[in-house]
Amino acid sequence: MTVKTFKVAGISLHNGKYKVRYANSKSRAGVLTKNGHTNVELVVLKEALPKEDIIDQLLNHTFKTPEGNEAIKLEAKELGFNL
């Protein structure tokens, strides 16, 4: 099985809910904004990583809103992290 990797990750607010976003280019922020997302915060990673490794790093990153930080924790739980 091929593991997908991503070079950019972060959060956005869409329809009143924060979600984690994965991408391979920071230009994804423009696409999200064009589609009605707000509070887009993306982090460029040093190398392409699978989702689990990205979330491990983002758990130590502080986003501008508590809700954004909670979205990272929720994604971690969905990926099997024990928090």
Side-chain angles (χ1 to χ4, degrees):
M1 183 172 103
T2 303
V3 176
K4 286 188 177 183
T5 59
F6 303 92
K7 296 178 183 176
V8 178
I11 58 164
S12 73
L13 178 63
H14 189 246
N15 294 328
K17 184 176 179 182
Y18 276 93
K19 285 189 71 177
V20 177
R21 305 293 172 187
Y22 302 94
N24 281 305
S25 170
K26 187 114 179 174
S27 65
R28 177 76 170 141
V31 174
L32 291 169
T33 302
K34 181 180 174 184
N35 289 315
H37 295 251
T38 58
N39 297 2
V40 178
E41 291 184 63
L42 298 178
V43 176
V44 178
L45 306 165
K46 293 180 182 179
E47 61 184 317
L49 297 169
K51 288 182 178 182
E52 293 82 3
D53 292 341
I54 292 170
I55 291 299
D56 191 45
Q57 287 189 17
L58 293 182
L59 284 168
N60 295 314
H61 181 84
T62 303
F63 289 95
K64 292 178 185 174
T65 65
E67 296 88 357
N69 294 312
E70 285 301 315
I72 297 296
K73 290 178 185 175
L74 179 61
E75 181 82 354
K77 288 178 184 176
E78 289 176 2
L79 291 172
F81 284 70
N82 290 318
L83 302 178

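Side chains are part of it too, since the values below use all heavy atoms of this structure and drop only hydrogens, waters and symmetry mates. All residue numbers refer to positions in the sequence shown, counting from 1.
Hydrophobic clustering (side-chain heavy atoms under 4.5 Å, transitive across Ile, Leu, Val, Met, Phe, Trp, Tyr) keeps L42 apart from I11. V44 and L59 end up in different hydrophobic clusters when Ile, Leu, Val, Met, Phe, Trp and Tyr side chains are linked at under 4.5 Å. Grouping the Ile, Leu, Val, Met, Phe, Trp and Tyr side chains by contacts below 4.5 angstrom, directly or via other members, places V8 apart from L45. A single hydrophobic cluster is not seen to contain both I72 and L32; linkage of ILVMFWY side chains at heavy-atom distances under 4.5 Å, directly or through other members, places them apart. Both F6 and V43 are assigned to one and the same hydrophobic cluster, defined by single-linkage of ILVMFWY side chains at heavy-atom distances under 4.5 Å.
The salt bridge (Lys or Arg N to Asp or Glu O under 4.0 Å) analysis of residues 14-34, with sequence neighbours excluded, yields no pairs.
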Q.
Set out, in order, the CA-CA distance, both residues' side-chain angles and the distance that settles side-chain contact (heavy atoms from CB on, under 4.5 Å) for L83 and K77, then state yes or no.
A. CA-CA 7 Å; L83 302 178; K77 288 178 184 176; 4.1 Å; yes
Kindly indicate, with the supporting measurements, whether the criterion side-chain contact (heavy atoms from CB on, under 4.5 Å) is fulfilled by Y18 and N69. CA-CA 9 Å; Y18 276 93; N69 294 312; over 6 Å; no
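When all heavy atoms of T5 and A48 are compared, the closest pair comes out as OG1-CB, 3.6 Å.
Without hydrogens or angle criteria, E41 side chain to K64 main chain gives a donor-acceptor distance under 3.5 Å.
Between I55 and Y22 the shortest side-chain heavy-atom distance falls below 4.5 Å. Contact of the L49 side chain with the Q57 side chain is registered, since non-hydrogen atoms from C-beta on lie closer than 4.5 Å.
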